[in-house]
Amino acid sequence: ITLVTVVIIFAVLFLLKLRIGYEYVKNEGEKGRFDMFILLFGKRIKLPEGKKSKKGKKKEKREKPDIPLYEKVRSASRTLAALSRAYGTTREYLRKRLVFKKTEVYLKFGTGDAATTGIATGALWSLLYQGLGFLSCVGTVDAHDFDVVPVYNAKGFCIRVTGIISFRLI
């Protein structure tokens with residue numbers, strides 16, 4: 001019985017991809033809303049929001065031991081070298097396994113002036129594709145859909161960002 005359980009857990013870890021969906025919506029005059037959910041067998045399971053911590057407690061200050069500058073520099077250089085090795089290894093690991101699926105950005109805005117709205121539209125397209133380049137460095141981007149809708153004769157701002165991040169556990 002335990003061998004069957006181990007085989008099933010092993011198969012699930014190798015075959016199952018963790019899919020996390022996200023959605024950010026902000027309309028003018030409203031507070032932005034960010035939702036995260038897990039996609040499991042085509043169903044959305046909303047993740048609970050984190051609890052906000054209360055800043056009521058004050059910590060007492062402890063006296064720090066006096067360490068020579070030379071020791072601080074040696075310790076910092078060793079820590080930096082270890083972090084550099086870990087970053088390189090982790091970056092390649094994530095880049096192979098992290099997949100951004102269905103990345104969608106819908107942006108509707110206007111400045112009230114047609115000329116500045118047109119210039120801002122070009123700048124926003126540039127920023128969106130620079131962000132896509134960054135995502136390509138972090139992981140693999142399967143599909144993206146960007147839509148920037150300029151409103152030339154009115155002021156306003158509305159953004160919706162949705163997508164699915166897929167991650168193979170092992």
Side-chain angles (χ1 to χ4, degrees), residues 13 15-61 76 79-80 82-170:
L13 287 177
L15 300 176
L16 186 67
K17 287 185 180 180
L18 181 63
R19 295 179 184 205
I20 299 174
Y22 57 91
E23 181 176 38
Y24 176 76
V25 178
K26 179 172 183 352
N27 294 316
E28 186 176 351
E30 295 179 7
K31 190 175 180 181
R33 186 184 86 239
F34 184 77
D35 294 326
M36 288 189 71
F37 49 90
I38 295 176
L39 293 169
L40 190 61
F41 305 114
K43 296 196 179 211
R44 288 175 125 182
I45 301 170
K46 187 174 178 184
L47 295 174
E49 294 181 13
K51 294 180 181 178
K52 296 181 180 178
S53 62
K54 296 180 181 178
K55 298 181 180 179
K57 296 182 180 179
K58 292 184 180 180
K59 295 183 179 179
E60 295 180 16
K61 292 184 179 180
T79 304
L80 187 62
L83 286 174
S84 175
R85 285 190 304 274
Y87 171 72
T89 306
T90 305
R91 182 175 163 225
E92 287 303 314
Y93 178 81
L94 284 177
R95 192 166 179 221
K96 292 176 184 176
R97 288 170 175 77
L98 190 65
V99 179
F100 295 94
K101 297 181 179 231
K102 295 184 186 177
T103 303
E104 299 174 357
V105 177
Y106 173 78
L107 182 62
K108 183 177 178 181
F109 79 101
T111 61
D113 180 30
T116 56
T117 301
I119 292 170
T121 300
L124 284 172
W125 278 109
S126 174
L127 285 174
L128 285 173
Y129 278 98
Q130 285 178 4
L132 180 65
F134 173 74
L135 287 179
S136 297
C137 290
V138 173
T140 305
V141 179
D142 273 357
H144 68 280
D145 183 23
F146 298 151
D147 194 11
V148 177
V149 179
V151 179
Y152 293 107
N153 58 357
K155 289 184 178 182
F157 181 78
C158 175
I159 186 169
R160 180 184 307 129
V161 180
T162 59
I164 298 172
I165 299 173
S166 177
F167 185 78
R168 187 170 297 276
L169 297 175
I170 295 179

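- Between Phe146 and His144, the ring planes lie tilted relative to each other; the angle falls in the 30° to 60° range.
- Taking CG of Asp142 as the reference point, atom OG1 of Thr103 lies at 8.5 Å (rounded to 0.5 Å).
- In this structure, the side chain of Thr121 engages the main chain of Thr117 through a donor-acceptor pair within 3.5 Å.
- Side chains of Leu98 and Thr140 form no contact here, defined as non-hydrogen atoms less than 4.5 Å apart.
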Run the side-chain contact (heavy atoms from CB on, under 4.5 Å) check on Val141 and Leu132 step by step: do they pass? CA-CA 8 Å; Val141 179; Leu132 180 65; 3.7 Å; yes
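- Around NZ of Lys26, the count of heavy atoms belonging to other residues, nucleotides or ligands within 6.0 Å exceeds 12.
- Side-chain contact between Phe109 and Val151 is absent, with no heavy atoms from C-beta onward closer than 4.5 Å.
- Side-chain contact check for Val149 versus Tyr106: some heavy-atom pair is nearer than 4.5 Å.
- Remark: Asp145 engages no residue in a salt bridge (charged side-chain N to carboxylate O under 4.0 Å, His left out) (not counting sequence neighbours).
- Rounding to the nearest 0.5 Å places NZ of Lys102 at 9.0 Å from OG1 of Thr162.
- Residue pairs meeting the salt bridge (charged side-chain N to carboxylate O under 4.0 Å, His left out) criterion with at least one partner in residues 146-165, sequence neighbours excluded, are absent.
- Taken to the nearest 0.5 Å, the OH atom of Tyr152 stands 11.5 Å off from the CG atom of Asp113.
- Atom OH of Tyr129 is separated from atom CG of Leu124 by 13.0 Å, given to the nearest 0.5 angstrom.
- Within the 4.5 Å cutoff, side-chain heavy atoms of Val105 are placed close to those of Leu128.
- Applying the salt bridge (charged side-chain N to carboxylate O under 4.0 Å, His left out) test to every pair with at least one member in residues 116-132, sequence neighbours left out, gives no pairs at all.
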